[in-house]
Amino acid sequence: LTRPGVKSEDMLKILKVNVIGTFNVSKAAALQMTKQKTISDKGERGVIINVASTLGIEGPPRLLSYATSKGAIIGMTLPLARDLGKFGIRV
């Protein structure tokens, strides 16, 4: 899209690694954390840290796939935090 010859398969590969990979790791960690005893008197069970990039917000030229994937991680983090907070998991 931003360069001649960029294939949708290339975009999909980056999205699978960055977005689906982050989702799958977060899911696996959250499932394990919900089984744990709390680690504090506040009911905390753990923390998930998602790594994104300011490029996911800025959207620079020639980095469509990467910026899109990082923007998706940014977009996933707040709802994930809201969903997991009730289990004592911070995101």
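Residue indices begin at 1 and follow the sequence shown.
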S.K.: In Å, rounded to the nearest 0.5 Å, how long is the span from CD of Glu44 to CG of Asp41?
M.R.: 8.5 Å
S.K.: Could you measure the distance from the CD1 atom of Ile73 to the CG atom of Leu15? Nearest 0.5 Å is fine.
M.R.: 9.5 Å
S.K.: Could you pull out the closest heavy-atom pair between Ile39 and Gly46, with the gap in Å?
M.R.: CD1-N, 4.1 Å
S.K.: Evaluate whether atom CD1 of Ile49 has more than 12 neighbouring non-hydrogen atoms of other residues, nucleotides or ligands under 6.0 angstrom away.
M.R.: no
S.K.: So Thr34 and Ile89, side-chain contact (heavy atoms from CB on, under 4.5 Å) or not? Walk me through it.
M.R.: CA-CA 8 Å; Thr34 58; Ile89 300 169; 3.8 Å; yes
S.K.: How long is the straight-line distance from CD1 of Ile57 back to NZ of Lys70, given to the nearest 0.5 Å?
M.R.: 12.5 Å
S.K.: If hydrophobic clusters are built by linking Ile, Leu, Val, Met, Phe, Trp and Tyr wherever their side-chain heavy atoms come under 4.5 Å apart, do Met76 and Ile14 end up in the same one?
M.R.: no
S.K.: List the atom of Leu55, the atom of Tyr66, and the distance in Å for their closest heavy-atom pair.
M.R.: CD1-CE2, 3.6 Å
S.K.: Can you tell me how far the CG atom of Asp10 sits from the CG atom of Leu64, to the nearest 0.5 Å?
M.R.: 11.5 Å
S.K.: Nearest 0.5 Å, please: how far is CZ in Arg45 from CE in Met33?
M.R.: 11.0 Å
S.K.: How would you list all residue pairs meeting side chain to side chain donor-acceptor pair (under 3.5 Å) that involve residues 14-32, not counting sequence neighbours?
M.R.: Asn18-Ser69, Ser26-Asn50
S.K.: Show the nearest heavy-atom pair for residues Ala52 and Ile74, with the distance to one decimal.
M.R.: CB-CG1, 3.5 Å
